[in-house]
Structures are given as C-alpha cells and as structure tokens.
Amino acid sequence: MENLSRRGWLRLFGASAMGATALGLAGGGHSKSSAGPSAIKPYELPALPYPPDALEPHLDGRTISIHHDKHHAGYVKGLNTTLEKLEEARAKNEFSAIQALSRALAFHGSGHVLHTLYFANLAPKSAGPKGALAEAIKAQFGSQETLQAQLTEASNTTAGSGWGVLAYEPFAGRLLVLQIEKHENQILAGAAPLLAIDVWEHAYYLKYQNLRADYLKAIWNVINWEEVNRRFDQARK
Ligand code: MN3
C-alpha cells in the first residue's frame, strides 16, 4: 500500500524514483524495506544547490536563506507531522480528523515538492531552453518570449499566495501554464510541474516589497533551464 501510494505520488508530480532522488525526495522519503510503517523514514529538507547569496542581485541571500531554512523546512515538518497523525489514526482505527489531515497532506506535501522544484529551478547563470524542450515551446507557445509572457502574467495575477507553473500534461503530451493557489489548488491532475515560480510574499517581500512584477522580471535572469530540460525529458519517459 505504501509503495503504491508512493508510486502514485511520484507519478502525479512526474518524478521517477531516480529523479526524485535528484530532487532530494526519495532520499528524504521512504526506505525500500517492507518491514512495516515504522521502517519508513520521514521527509528531509534538501540542501540548497548553491550558496544563499549566489542569485544576487536578482534574489537576495537573506530572502533565500529564510525561504529555504524556515518556510520550506516548515512544510517538510508539517508533512511529517501529518503522516505521523495518519499513522496514529490507522493504529487506532479512528478517522474522525481525516478531512483536516487530508487537506494538510495536500498542502504540506505540495508545498514541499514545489519548493524543492523552485530552488532547483534557480541558478546563478541562466541559459535558455535547448533541444526537445526548446522545440516544444516554439511549437506550442510560438516562442520562448510568449511562454515567459504568459507564465509571468499567470504568476503576477495569482490571487493571494501561490505559484506560476510550467507543466507537462502526459495524456496529450502538451505543455501548459498553471496558476496554482496556495500549494495545492488548481493543480491539473497528472500534469508534471517542470518550472515552478513562487509568488508567496515571503519569496520576494524583503527586496521587492509589494512589487511582485519586479520580482518576476528579475527571476528570468536566474532560471535554471538545464534543470527544466532535465525534468521535461524525465516527464516524457
Ligand atoms: Mn515559498
């Protein structure tokens, strides 16, 4: 059951077991042992793939540190706490809190996955998309500029806290721009996020205050398209 759940989870987010390891998901996820629930390891906060100030002047080091060490860590903790409570509920066969726990699982779980993608999607130097991804963007959006314009606008107009996401929808083999609210609302079932842009205020407020559009203009200077390419290849397998 745990293995099925894990496979379903990884498929939903378009990550193979190997890819999840690269994302720090499997390493912080589950052991392969079938010795029962107690053998399953908690999720862990993946290390930042660069020093916190490596993205300056576009994204400041203090924001990246707080975002990773406090906010992302909080979602990992929330996810593990929720899983512990679900395990307790199963042990007692007492599911009166299942609605709240299911909400917490989706919120903290999606928060953990999206933040893992976000930090991996950033890099000190940005080179544009290449190969099959560049071709797919041209065929489906017309140009990289048009994709960026749509994703920027989707991110900028997300109501309250949320994300702009470029995703791969495997049924039709299509690239889509999603506007996710919070971490888990307006996800398209089965679509794998390739590039996630965090527009919660904690992602930009220290440097950009209320100017979300300026943050979004700056972030294109530090997008790790190599990582987006890698996730696109993985999602199509
Ligand atoms: Mn965030």
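Counting starts at 1 for both ligands and their atoms, following the listed order.
- At the Mn ion (ligand 1), the angle from OD2 in D198 to NE2 in H67 is 90° when rounded to 10°.
- Between the Mn ion (ligand 1) and H72 there is no N/O/S contact shorter than 2.8 Å.
- Put simply, H202 gets within reach of the Mn ion (ligand 1), with an N, O or S atom under 2.8 Å from it.
- Taking a cutoff of 4.0 Å between a charged side-chain nitrogen and a carboxylate oxygen, K138 and E135 do not qualify as a salt bridge.
- Using modelled atom types and a 3.5 Å distance limit, the side chains of T152 and Q150 yield no donor-acceptor pair.
- Counting heavy atoms from C-beta on, the side chains of T63 and H202 never come closer than 4.5 Å.
- The same ILVMFWY cluster, assembled from side-chain heavy atoms under 4.5 Å apart, contains both W163 and L176.
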